[in-house]
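Single-structure report; data block below.
Since the model is a prediction, treat every value here as computed from it, not as a measurement. Whatever order the structure lists ligands and atoms in, that order sets their numbers, starting from 1.
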Amino acid sequence: MIDVNLSLAPKQFKLIQNLIYQHAGIALPDSKQTMVQGRLAKRLRALKLDSYDQYISHLEKDNGGQEQIEFINCLTTNKTDFFRENHHFRFLSDTLLPELKPALEGGSQKLRIWSAACSTGEEPYSIAMTLRESLRDSVDMCILASDIDTAVLERCQAGCYPADRVVDVPKYLLHRYFDKQKDHSDEANCQWRVKNSLRDMIRFRRINFQDSQWPIQTKFDVIFCRNVMIYFDTETQRKLVERFASYLQPEGHLIIGHSETLSGINNNFELVGNTVYRLKPGVNERTSSSETLTKVSSSVTAAAAVPAKTTARSTPASSNAPQVKRATTGFSPTKEPVHPIIVGEIYGSYESKWISTLLGSCVSACLYDDRMQIGGMNHFMLPLGSADSTTCASYGVHAMEMLINALMKLGADRRRLKAKLFGGGAVIRTSETRWNVGERNIDFAKKFLEAEAIPLIASHTGGTQAMHIRFHTRTHKALVRVLDDRLAADVVEVEKRQPKPQSARDDAVTLF
Ligand SMILES: C[S@@+](CC[C@H](N)C(=O)[O-])C[C@H]1O[C@@H](n2cnc3c(N)ncnc32)[C@H](O)[C@@H]1O
């Protein structure tokens, strides 16, 4: 039986303070010791641990990163409200949007706003309603809503709030942009769900301000970062504001919380309203219009098949999971980008695109999180590698973990991951047993998935054929094309040469 009243010793609290500072930049004051003890007791119970020392060592050894996420989720403070600090929304509707309106409605400019540290979503939805009320629907406008805390981000994305959470939404906006859930007839207990038309203006991402790279390639007209910097020390605030400045359009706005200031933090900004700052003229160059922060779209164009001129070999691939669409045909061109990967590479994204690769005896696992619409693929050559090759994605043992971590970094939840598996063909015809590698790869991948409780939804593995696969990052649809002898021979040649495993590059996961 776990003692829930177990107390957190000052020494243990110090370690917790260091860990949360290291992972999230949050500087926990000593006065929070009791609060931290209460919040972490839940984790001890969930993990069936009976001391904080055990918990700390579990956290320090947390290779998969799942406990790190739970730990951060426990220690963040997520208070927020609709139209909180309403003067910011009035600034948008009465000052900024009227200035931008001609260019926006004329189509020569698009509007990009980031709700950085959005918590459960009241802030980005308040921004979205303000934009909808001020601008024509035809304006190209998009909001990025991000938070480090995956639990609040899920609630943000779900966009469903009990009656007492929507009291600050003016009635006419509530009826225009929310649907009352029918299963709750009682007015006081009913739930209000944000309409899809409003939610579709928003993209939801897990972003930790402490990460060395943010999955963003656009510049924003406005960044809201309210009531977060109070949890950071001055140095962390300084670095964060400097980074925000580089993600703003020239003379873009940074809006912060009522008890925060940029005074003494960054002098590239000027105060133009109540806690509303603007980049001083000349600070950022104008950016190219090719930068992307595309709208969330539920519809995806899938690659269609075209007739093949090829001869398929006869041995069928084995599968005990449902078969993926097996096309002995070519892939037609697609409007969406196709990102090819080769052996030793990993690629994951929440952008709507295809990942493709050519497989002989190598195996590719495609992992995905339906709810977050995130997917990725690896491509490995052998199940296991030597102990000193921990960063090498050519070995299944690392490639699987690295793909999982990459997807989690993008916001996927490890517990929701599902898999599709491809390759592992006996394409190299030789009597040498070492070439039985395809089967070993498949066996390894299946065992790994089983051990990690990741359901295998579909597969096309084994056989004697090389294949070309495509996997869609958002729909998670997979297409398989069996290669003709000539192309297969090229794949076999590459595998025979067994190039030295390449290290996965730091930027192997391209985001946004
Ligand atoms: C008090 S809420 C603010 C919500 C909203 N901006 C508002 O003002 O109503 C602070 C949010 O900051 C997030 N946060 C804390 N540290 C963060 C970090 N390092 N990176 C990103 N978000 C972080 C927390 O998860 C929490 O949801």
[atom]: which protein heavy atom is closest, and how many Å away?
atom	answer
atom 23 (C) of ligand 1	Ile148 CG2, 3.4 Å
atom 24 (C) of ligand 1	Asp147 OD1, 3.4 Å
atom 4 (C) of ligand 1	Ala117 O, 3.4 Å
atom 19 (N) of ligand 1	Ala24 O, 2.8 Å
atom 3 (C) of ligand 1	Arg226 O, 3.5 Å
atom 7 (C) of ligand 1	Arg84 NH1, 3.2 Å
atom 9 (O) of ligand 1	Thr80 OG1, 2.6 Å
atom 20 (N) of ligand 1	Phe209 N, 3.0 Å

For ligand 1, which atoms, with element, lie under 4.0 Å from some heavy atom of [X]?
X	answer
Ser119	4 (C), 27 (O)
Asn208	18 (C), 19 (N), 20 (N)
Thr76	24 (C), 25 (O)
Glu123	5 (C), 6 (N), 7 (C), 8 (O)
Lys79	1 (C), 2 (S), 3 (C), 4 (C), 9 (O)
Asp149	25 (O)
Ile207	20 (N), 21 (C)

May I ask you to decide whether [X] forms a salt bridge with [Y], counting only side-chain N to carboxylate O separations under 4.0 Å?
X	Y	result
Asp81	Lys79	yes
Arg112	Asp140	yes
Arg176	Glu133	yes
Arg238	Glu235	yes
Lys61	Glu67	no

request  = Evaluate the ring planes of His476 and Tyr368, with Trp represented by its six-membered ring, and classify them as parallel (under 30°), tilted (30 to 60°) or perpendicular (over 60°).
outcome  = parallel
Polar proximity ligand 1 side, [X] side, N/O cut 3.5 Å exclusive:
X	result
Phe232	no
Tyr231	no
Asn227	yes
Asp81	no
Ile26	no

task = Identify the residue among His258, His88, Glu260, Glu85 that makes a side-chain hydrogen bond (donor to acceptor under 3.5 Å, both in side chains) with Arg226.
result =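 Exactly one option meets the side-chain hydrogen bond (donor to acceptor under 3.5 Å, both in side chains) with Arg226, and it is His88.
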With no hydrogens and no angle check, just 3.5 Å: does a side-chain donor-acceptor pair link [X] and [Y]?
X	Y	value
Asn266	Tyr277	no
Gln66	Glu70	yes
Trp114	Ser146	yes

ask   = Quick check, are the ring centers of Phe220 and Tyr247 under 6.0 angstrom apart?
value =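 No.
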message = Can you confirm if the aromatic rings of Phe178 and Phe82 lie within a centre distance of less than 6.0 Å?
response =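 Here the rings of Phe178 and Phe82 have centres that are less than 6.0 Å from each other.
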Shortest reach to atom 10 (C) of ligand 1 by a heavy atom, considering only Thr77, Thr120, Asn78 =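 Comparing heavy atoms across Thr77, Thr120, Asn78, the nearest one to atom 10 (C) of ligand 1 lies in Thr77.
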task = Report yes or no: does a heavy atom of Gly25 sit under 4.0 Å from some atom of ligand 1?
result = no
request  = With Arg243 as the cation and Phe209 as the aromatic partner, state whether NZ or CZ is under 6.0 Å from the six-membered ring centre and within 45° of the axis.
outcome  = no
